[in-house]
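To keep things clear, I will list the structure first and then write my remarks on it.
These numbers come from the heavy atoms of this one structure, side chains and all, not from hydrogens, waters or symmetry mates. Please read these numbers as outputs of a predicted model, since none were measured by experiment. Chain naming here is simple, since letters A, B, ... match the order of the sequence lines and numbering starts at 1 in each.
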Amino acid sequence: MDATDPFETARRLLGAHLIGRAVTVRLTEVEAYAGERDPGSHAFRGRTARNEVMFGPAGHLYCYFSYGMHTCCNYVCGPDGEAAAVLLRAGEVIDGIGLARERRHTTVDRSLARGPACLTQALGIELSDKGVDLHATGSAVRVEWQAALPSDVIRTGPRVGVSGAGGDGDTYPWRFWVDGDPTVSAYRPAKPRRRPRT
DNA sequence: CACTGGATCCTT
DNA sequence: AGGATCCAGTGA
């Protein structure tokens with residue numbers, strides 16, 4: 001499909017299948033990142049070695065390492081040359097659940113892929129998977145589109161953990177999730193950069 | 001080169 | 001509320 005617009009792509013990714021290393025999830029929560037004009041995006045300050053994949057063609061995987069221990073991943077959107085992407089935040093494990101439990105060291109099934117770093121770990125995705133083509137048959141990580149979800153089951157809200165440059169917090173409703181789904185991650189407000197003086 | 005902060009998660 | 005823990009961006 002045409003993955004030019006990160007917002008439309010985010011909606012289409014809900015319900016789609018993300019296939020990792022012997023584990024598959026049905027995506028239930030994502031966030032859109034608009035690229036160089038978006039203060040919350042890794043591409044806000046332009047092209048670098050790390051975010052180069054975001055500037056490439058749509059349908060590739062952008063992953064990054066965070067907080068010393070976590071890897072998260074994104075679906076890169078187009079057009080080629082623009083750094084839009086969709087952060088894959090949560091999903092329901094629909095295949096390989098035993099392996100997912102081992103990787104996550106938990107038996108709470110709703111939490112196996114609840115949160116972007118958990119999702120990545122459950123699927124066995126590594127930082128070195130950055131750049132793989134998510135629609136090529138031989139790739140270690142793939143996306144299979146499903147029927148678009150009706151708009152009335154898609155809810156939107158502010159993004160998690162993103163502190164916008166224009167002030168305190170991110171006010172754009174660029175987070176999308178499946179209404180009522182137990183695998184959607186808990187909302188946490190962005191941490192302020194500096195401790196606010198009370 | 002050194003310094004700093006992060007699209008998080010888990011435990012207290 | 002805080003700690004784990006390392007990569008990448010920034011500035012000298």
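- The OH atom of Tyr187(A) sits 14 Å away from the P atom of dA7(B) (whole-angstrom rounding).
- Taking the C1' atom of each, dG2(C) and dG5(B) are spaced 16 Å apart, rounded to whole Å.
- Separating the CD atom of Glu126(A) from the P atom of dC6(C) is a distance of 15 Å, rounded to the nearest angstrom.
- Between dA7(B) and Arg89(A), no contact under 4.0 Å exists linking OP1 or OP2 to a side-chain N or O.
- Atom CZ in Phe44(A) sits about 14 Å away from atom P in dG6(B), given to the nearest Å.
- Pairing analysis of DNA chain B (Watson-Crick: purine N1 to pyrimidine N3 plus N6-O4 or O6-N4; G-U wobble: N1-O2 and O6-N3; both under 3.5 Å) yields stems of 3 or more pairs at B:1-6 with C:6-11, B:8-11 with C:1-4.
- Spacing between atom NE2 of His70(A) and atom C1' of dG5(B) amounts to 15 Å, rounded to whole angstrom units.
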- Query: Given Asp133(A) and Arg142(A), is the salt bridge (Lys or Arg N to Asp or Glu O under 4.0 Å) satisfied, shown in steps?
  - Reply: CA-CA 7 Å; Asp133(A) 184 345; Arg142(A) 301 198 315 284; over 6 Å; no

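- Counting non-hydrogen atoms under 4.0 angstrom, Arg104(A) reaches the backbone sugars and phosphates but no base.
- When rounded to the nearest whole Å, the span between CG of Leu127(A) and P of dG6(B) equals 19 Å.
- Taking for each of Met69(A) and Asn51(A) the nucleotide of DNA chain C with the nearest heavy atom, the 5'-most of the two is the partner of Met69(A).
- Arg103(A) has its CZ atom 21 Å from the C1' atom of dC10(B), to the nearest Å.
- Checked against the 6.0 Å centroid threshold, Tyr64(A) and His42(A) count as a close aromatic pair.
- In the set dC6(C), dA7(B), dT8(B), dA7(B) carries the atom at the smallest distance from any side-chain atom of Ser41(A).
- Residues Arg114(A) and Asp181(A) are not paired through a salt bridge, judged by the lack of any N-O separation under 4.0 Å between the basic side chain and the carboxylate.
- In this structure, Tyr67(A) reaches the bases: a heavy-atom distance under 4.0 Å links it to at least one base atom across the strands shown.
- In the interface, the side chain of Tyr64(A) is not paired with the base of dA8(C) through any donor and acceptor atom under 3.5 Å apart.
- In this structure, Arg45(A) places its CZ atom where only 12 or fewer heavy-atom neighbours from other residues, nucleotides or ligands lie under 6.0 Å away.
- Toward the 5′ end of DNA chain C lies the nearest nucleotide of Ser66(A), the other residue of the pair Arg45(A) and Ser66(A) mapping further downstream.
- Counting to the nearest Å, the P atom of dA7(B) and the CG atom of Leu119(A) are 17 Å from each other.
- Comparing dT8(B), dA7(B), dG9(C) by their closest approach to the side chain of Asn74(A) singles out dA7(B).
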- Task: Show your working on side chain to side chain donor-acceptor pair (under 3.5 Å) between Gln121(A) and Thr71(A) and close with a plain yes or no.
- Result: CA-CA 8 Å; Gln121(A) 185 180 24; Thr71(A) 303; over 6 Å; no

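- Taking the six-membered ring for Trp and the full ring otherwise, the centers of Tyr75(A) and His135(A) sit less than 6.0 Å from each other.
- The distance from atom CZ of Arg175(A) to atom P of dT8(B) is 11 Å, rounded to the nearest whole Å.
- The aromatic rings of Phe7(A) and Phe176(A) lie tilted to each other, with the angle between the two planes from 30° to 60°.
- Checked against dT8(B), dG9(C), dA7(B), the side chain of Ala117(A) finds its nearest nucleotide in dT8(B).
- The phosphate of dA7(B) has OP1 or OP2 within less than 4.0 Å of a side-chain N or O from His42(A).
- A salt bridge does not link Asp95(A) with Arg26(A): none of the charged nitrogens is closer than 4.0 Å to a carboxylate oxygen.
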